[in-house]
Amino acid sequence: MKKQVQIVQYNLLKILAVFMVIAVHMMNVVELVPPGNQNAFRFHEVLRTFLLTSNGLFFMVSGRFLLDHYDGRMGRFYWKRFVKIGIPVLTASLFYYVYVYGRNGISLSFWKAFLSDLLQSRIQGYFWFVYALAGFYLAVPFLSVMFAHMGKREKRALAGITLAYFGLQNLYQIFELEMVFTSYLFYSWVFYCILGYLLDSLELSGRQIRLVILAGMVAFFVSAWEICFWERENPALHNYSVTMILMTSAVYLAVTVYGKRLADRCSGIIQFIAKRSFYIYIFHGLTQITIGAKLGAGGAKVLEATGVSLGVRWGYWFCMSAASFVMALFIGCGVDWIYEPVSRRLLNEGKKLGKQSMPGGSAHI
């Protein structure tokens with residue numbers, strides 16, 4: 001197993017995944033594809049596909065440490081997840097709802113609508129990740145016991161069988177057949193939640209790591225070919241396809257293995273940002289609303305009027321993504337400053353214990 005001293009590169013991966021999510025969402029704000037430019041559209045979709053590996057990376061990092069650090073105290077585990085994840089999401093959901101609908105007054109009908117939309121994850125579309133992760137939280141106490149008693153042979157078999165099952169289901173979807181093999185336990189985001197743990201616990205050799213990264217690169221080119229040239233549609237391209245699993249695994253290993261030196265050099269700033277990464281995630285919608293209203297519309301008009309090159313468009317998109325990330329970080333710092341003492345009190349943790357509790361600080365998911 002990876003030891004505590006190696007945690008910093010996982011925090012680097014977490015930060016990278018957050019930025020990739022913001023960059024994907026910023027594609028909806030900045031006009032990146034001139035009308036009728038098919039090549040620009042293809043590039044847009046290929047890059048978007050790569051950036052969507054961030055979804056799997058979030059699940060992988062979360063599952064990697066939750067499975068590895070579970071201490072057997074089930075009630076404590078569930079309560080800690082509620083305090084560190086549930087309460088911030090509930091608060092952020094209420095904030096967004098008041099921000100959008102509160103101008104009409106906060107009456108009984110407002111609270112009914114809020115509860116209905118909250119339970120159906122309709123307040124912020126990207127909150128789906130937290131709802132999906134909540135189901136995995138419920139299973140962690142049981143999965144951790146199962147994996148603790150599994151050897152490397154069983155773990156390799158689990159990974160291989162699951163990949164084969166994902167591939168089979170993907171073929172059913174591509175060829176529009178009725179799926180009849182529907183009861184496999186790990187056919188969901190849960191597999192991504194256990195994938196990081198599996199990759200690390202198998203203690204892959206340097207050669208094996210390079211082969212996985214190579215497989216991920218090949219999978220990226222296969223996905224690009226599907227987007228650009230294949231006449232059929234792959235419904236699972238961005239989530240449950242084997243190519244997406246291999247791409248996500250390649251990024252995971254590339255950063256956690258080969259990014260360790262960079263992470264060590266920048267450990268201070270990485271730990272600072274990673275501690276607030278979850279807050280960046282849940283509040284980046286606010287920064288994108290602000291940037292979209294203030295800069296996005298006006299910038300789009302300028303881009304269209306001046307007929308700038310695609311390079312300028314993509315540079316503008318990257319700068320807007322970076323600005324949204326920085327703004328969300330500032331918000332995250334404020335939220336962390338306010339909520340960290342509250343969370344420590346709710347968890348009965350002293351100041352020193354609160355800082356050392358889990359890898360990545362209080363915002364670890």
Side-chain angles (χ1 to χ4, degrees), residues 9 12-13 16-28 30 32-34 36-61 156 159-176 187 189 191-192 195-196 198-199 202 204-259 262 309-311 313-315 317-318 321:
Q9 66 264 36
L12 175 62
L13 180 63
L16 175 64
V18 171
F19 181 80
M20 292 167 72
V21 167
I22 292 175
V24 168
H25 293 163
M26 191 59 70
M27 286 180 163
N28 299 324
V30 180
L32 293 168
V33 181
N37 193 325
Q38 190 66 22
N39 289 332
F41 174 75
R42 288 170 176 170
F43 178 78
H44 177 282
E45 290 303 297
V46 169
L47 180 59
R48 177 172 171 268
T49 298
F50 172 75
L51 291 175
L52 285 174
T53 59
S54 55
N55 291 331
L57 292 174
F58 272 126
F59 287 114
M60 290 176 75
V61 175
R156 290 194 188 97
I161 291 171
T162 305
L163 277 176
Y165 186 88
F166 271 73
L168 176 63
Q169 292 291 60
N170 199 187
L171 290 175
Y172 269 87
Q173 293 172 310
I174 290 172
F175 293 99
E176 299 179 351
Y187 185 67
W189 289 109
F191 180 62
Y192 283 93
L195 184 55
L198 287 175
L199 287 172
L202 288 175
L204 302 176
S205 66
R207 180 175 179 274
Q208 290 172 325
I209 290 171
R210 290 190 292 271
L211 285 175
V212 173
I213 294 175
L214 178 60
M217 295 171 65
V218 172
F220 171 73
F221 286 111
V222 171
S223 297
W225 176 81
E226 288 185 52
I227 293 168
C228 297
F229 305 111
W230 207 28
E231 294 182 359
R232 286 188 176 273
E233 179 184 358
N234 184 352
L237 181 67
H238 297 137
N239 45 50
Y240 295 161
S241 67
V242 173
T243 51
M244 179 56 74
I245 294 172
L246 292 175
M247 288 163 57
T248 305
S249 300
V251 176
Y252 179 90
L253 289 176
V255 176
T256 58
V257 175
Y258 297 109
L262 172 63
S309 66
L310 289 175
R313 289 174 182 266
W314 285 99
W317 159 79
F318 182 84
S321 301

CA sep, side-chain torsions, deciding dist, call: H238, T49, side-chain contact (heavy atoms from CB on, under 4.5 Å): CA-CA 6 Å; H238 297 137; T49 298; 3.0 Å; yes
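- Sequence neighbours left out, the pairs with a member in residues 44-54 that pass salt bridge (Lys or Arg N to Asp or Glu O under 4.0 Å) are E45-R48.
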Audit row: M26, F318, side-chain contact (heavy atoms from CB on, under 4.5 Å) steps and yes/no: CA-CA 9 Å; M26 191 59 70; F318 182 84; over 6 Å; no
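- Considering only heavy atoms from C-beta on, L253 stays 4.5 Å or farther from Y258 through its side chain.
- In this structure N37 satisfies the side chain to side chain contact (heavy atoms under 4.5 Å, CB included) test together with P34, N39, A40, L310, sequence neighbours excluded.
- The shortest side-chain heavy-atom distance between L47 and W317 falls under the 4.5 Å cut-off.
- S321 and A23 make their closest contact through OG-CA, 3.5 Å (heavy atoms, listed as atom of the first residue, atom of the second, distance).
- Here I161 contributes atom CD1 and L168 contributes atom CG; the two are 13.0 Å apart, rounded to the nearest 0.5 Å.
- In this structure, Q9 and V257 have side chains that are not in contact, with every pair of non-hydrogen atoms separated by 4.5 Å or more.
- Contact check for V30 versus W314: no side-chain heavy atoms found under the 4.5 Å cut-off.
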Audit row: V242, N170, side-chain contact (heavy atoms from CB on, under 4.5 Å) steps and yes/no: CA-CA 8 Å; V242 173; N170 199 187; 5.9 Å; no
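- F166 places a side-chain heavy atom less than 4.5 Å from the side chain of T162.
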Just distance, no hydrogens or angles: give the donor-acceptor pairs under 3.5 Å from side chains in residues 51-61, sequence neighbours left out.
residue : atom : partner : partner atom : Å
T53     : OG1  : F50     : O            : 2.7
S54     : OG   : L51     : O            : 2.8

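- Contacts of Y187 classified as side-chain hydrogen bond (donor to acceptor under 3.5 Å, both in side chains), with partners at least two apart in sequence or in another chain: none.
- For the ring-ring contact (aromatic ring centres under 6.0 Å, His included) criterion with Y240, the lone passing option out of F191, W189, Y192 is W189.
- Between L199 and Y252, the shortest heavy-atom contact is CD1-CD2, 4.0 Å.
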Could you pull out all donor-acceptor pairs under 3.5 Å where a side-chain atom in residues 208-227 meets a protein atom, sequence neighbours excluded?
residue : atom : partner : partner atom : Å
Q208    : OE1  : S205    : N            : 2.9
Q208    : OE1  : S205    : OG           : 3.4
S223    : OG   : A219    : O            : 3.1
S223    : OG   : T243    : OG1          : 3.3
E226    : OE1  : N234    : ND2          : 3.1

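- With sequence neighbours left out, the side-chain hydrogen bond (donor to acceptor under 3.5 Å, both in side chains) criterion links H44 to no other residue.
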